There are 2 protein chains.
Amino acid sequence: MSSTQIDAVTLDGAGPLYDQIRRAIRDLILAGTWPPGTAVPPEHALMEKLDASRMTVHRALAQLAREGLITRRRRSGTIVASPPASHAMLDILSIPQEVGELGQAYSCRILQRRDGKAPRELAARFELGRSANVAHLTLLHFADGAPHVLEDRVIHIATIPQVVDESFAQTPPGDWLLKHSLWTQAEHAISAVAAEPEEAELLKIDPGAPCLLVERRTWNQAEPITAVRLLYPGGRHRFIGRFGPYGAV
Amino acid sequence: MSSTQIDAVTLDGAGPLYDQIRRAIRDLILAGTWPPGTAVPPEHALMEKLDASRMTVHRALAQLAREGLITRRRRSGTIVASPPASHAMLDILSIPQEVGELGQAYSCRILQRRDGKAPRELAARFELGRSANVAHLTLLHFADGAPHVLEDRVIHIATIPQVVDESFAQTPPGDWLLKHSLWTQAEHAISAVAAEPEEAELLKIDPGAPCLLVERRTWNQAEPITAVRLLYPGGRHRFIGRFGPYGAV
DNA sequence: CTTTTTCATTTGCATATGCAAATCGAGCTT
DNA sequence: AAGCTCGATTTGCATATGCAAATGAAAAAG
């Protein structure tokens, strides 16, 4: 651990000391300053740097470990954990994976791509100024050659500039974004709608057939990353989640 | 705190002491032995009873407080918390409340009730032996007089025997169960279906119109409590949830 | 060169101690 | 009787200390 890394840990003086330490390290992780795999300074180092007792430092780190942000092992030390790949309900983050888990072969086709200023309707969906630059993609995912889900997505270019140089020929945008961005907030909305004629034709279903519409938006802190609209043919899909009253199981 | 209450706290000798204490108290709460509002013995009492230091007892209780199972206040002491009324996505546990939050007037009508052995289809939905006794209810909820959602529910009588003497005239079964049972596990499934003719007539929508189907089952430990099927007219309803990668926000 | 042993580092757990903050209630004052 | 003060109870936070467990790395043995 270089001194530049440990120096990044600074306290804000608000509230209990152990919680200041916890938040300071959490924020470094969430901001991406310490990406997954980074070594967190050992308790002794933090203890001297922050002028706290080891018990207090330990308390902060133990709590972060319970929250899943870090992984600790005796002697090897503490490293920043990889964000959990999926979480509770609705984490159909990766469509290829979702299809693979059904035992079917995945493929996809990009129907359209347009980069530029967001048209009014898209800007509204993103709660974004109309001057913002976005990449706008429409694509169709297939399972064993049959249409699986229709995706319509905008990506905020200011947040993820690399997107302009990416063709998504290898990896669909959902999976690509998981590798190239860090999200701290997501919002899902689920509703049932009737398929519009164009949508029905693409999905090879009857116009007006019930479909499950999943709309998801994600942010990093306050910055929008992406908004996506996934249209699943009804009946063939259900989303299942298990919960306990005190959290997802 | 009577001696009978503190004597209920027994350790199993497995793993760290603070975690034994944490689990012992958690289990008393989840089993319903200490219902919400019960006073948890003060740290000093537990410390003597369990022959642990106050810091160790504190550690267990502080963690339970973070998990939301207990509420602690200086001087007043510690009490068992009420389970969070709603949690994350899809906790449309109370339909009257859901309607109230939309600013509409709630009412409901019981369409049918039959108690007895579960028919084959219901038993399957419950993953329950066909010999089990269940209460089977069908009801329609209204918002401002308009059909809001169609509910079809079975309740496992062995788990909640009081159900046979309850007419649900005052409180719909979902809300009634929240008061008369404690759940530790729930499963949701969401899908989009077309309304069947009878359903469409009840909900005053067109046959074949897209509907959001929410199926929920709940258990206490391994014992089934209830299974319910909620059919919402599509378009008029969406379910929204906000998440962070490390848990619901 | 490979295997084994030993050592040092790092985290995990438990305890004892001291003080601070909140607040319920009893007793006192007015 | 109403309001106030003060003390006792209970939780919250931080520290110092000691030992145990895991394990990576270096040293020793073969």
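Chain A is the first sequence line, chain B the second, and so forth, proteins listed ahead of strands; every chain is numbered from 1. Given the structure is predicted, the values throughout are model-derived calculations rather than measurements.
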Nearest whole Å is fine: how far is [N] [atom2] from [X] [atom1]?
X: B:Arg59; N: D:dG12; atom1: CZ; atom2: P; result: 15 Å
X: A:Leu46; N: C:dT10; atom1: CG; atom2: C1'; result: 12 Å
X: B:Leu50; N: C:dT15; atom1: CG; atom2: C1'; result: 15 Å
X: A:Leu61; N: C:dG12; atom1: CG; atom2: C1'; result: 12 Å
X: A:Gln63; N: C:dG12; atom1: CD; atom2: P; result: 14 Å
X: A:Glu48; N: D:dT15; atom1: CD; atom2: P; result: 14 Å

With sequence neighbours excluded, residues passing salt bridge (charged side-chain N to carboxylate O under 4.0 Å, His left out) with [X]:
X: A:Glu43; result: A:Arg54, A:Arg72
X: B:Arg217; result: B:Glu127, B:Glu187
X: A:Asp165; result: none
X: B:Arg22; result: B:Asp19, B:Glu67

_I'd like to compare against my own output: the B/S/- annotation of nucleotides 16-25 of chain C with a strict under-4.0 Å heavy-atom distance to protein._
BBB--BBBB-

_Strand contacts (DNA chain C) in residues 12-20 of chain B, 4.0 angstrom heavy-atom criterion_ = B:Pro16, B:Leu17, B:Tyr18

*asked:* With a 4.0 Å limit, can you tell me whether B:Thr56 has a side-chain N or O closer than that to the phosphate oxygens OP1/OP2 of C:dT15?
replied: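 Indeed, a polar side-chain atom of B:Thr56 lies that close.
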
_Does D:dG12 have OP1 or OP2 under 4.0 Å away from a side-chain N or O of B:His58?_
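True: B:His58 side-chain N/O within range (under 4.0 Å) of D:dG12 OP1/OP2.
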
Among residues at least two apart in sequence or on other chains, which ones pass ring pair (Phe, Tyr, Trp, His ring centres under 6.0 Å) with [X]?
X: B:His141; result: B:Tyr106
X: A:Tyr18; result: none
X: A:Trp176; result: A:Phe168, A:His180

_Exam field: side chain B:Gln185 to backbone B:Trp219, donor-acceptor pair closer than 3.5 Å_ =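 A pair under 3.5 Å: no.
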
*Hey, which sits more toward the 5' end of DNA chain D by its nearest nucleotide, B:His44 or A:Val57?*
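It is B:His44 whose nearest nucleotide is closer to the 5' end.
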
